[in-house]
Amino acid sequence: MSDDLAGDSLDERYGLAEVRDLGEYAEALNRLVEQGLRDQRTTLLSEAEAYAVAELLGRFALSEPWSALNQLAASLASRIYNRLGA
């Protein structure tokens, strides 16, 4: 069953439904990342998938390095690379 059918969208569950602009969106995503660092559950991505995600995030981050979203993308890419041992 999808989250929307259950009456609980992912945006609502993770606090993204209330954001008003890109700055708030970046802050909300950053809080989710911090929460994810404390949550040590099972691996969700294979090593190859994680590497592909890190590459995409890294390339996105380079397009406008001063943007809050792009800085978050760079941080996520770095964390993924570190976990991969790259």
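- Contact record, Ala77 with Leu57: CB-CB, 3.9 Å, taken as the closest heavy-atom pair.
- For Arg79, the salt bridge (charged side-chain N to carboxylate O under 4.0 Å, His left out) test picks out Glu34, with sequence neighbours left out.
- Hydrophobic cluster membership is shared by Ile80 and Val33, with clusters built from Ile, Leu, Val, Met, Phe, Trp and Tyr side chains linked at under 4.5 angstrom.
- Every side-chain contact (heavy atoms from CB on, under 4.5 Å) that Glu47 has, sequence neighbours left out, goes to Leu84.
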Residues 68-76, side-chain donor-acceptor partners within the protein, below 3.5 Å, at least two apart:
residue, atom, partner, partner atom, Å
Asn70, OD1, Ser67, OG, 3.3
Asn70, ND2, Phe60, O, 2.9
Asn70, ND2, Ser63, OG, 3.1
Asn70, ND2, Glu64, O, 3.3
Gln71, NE2, Pro65, O, 3.4
Gln71, NE2, Trp66, O, 3.2

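- Leu32 meets the side-chain contact (heavy atoms from CB on, under 4.5 Å) test with Tyr14, Leu16, Leu29, Gln35; sequence neighbours excluded.
- The salt bridge (charged side-chain N to carboxylate O under 4.0 Å, His left out) test applied to Glu18 returns no partner, not counting sequence neighbours.
- When the side-chain contact (heavy atoms from CB on, under 4.5 Å) test is applied to Ala52, no partner is found at least two apart in sequence or on another chain.
- In this structure Glu49 satisfies the salt bridge (charged side-chain N to carboxylate O under 4.0 Å, His left out) test with no other residue, sequence neighbours excluded.
- A salt bridge (Lys or Arg N to Asp or Glu O under 4.0 Å) check over residues 69-78, counting only residues at least two apart or in different chains, returns nothing.
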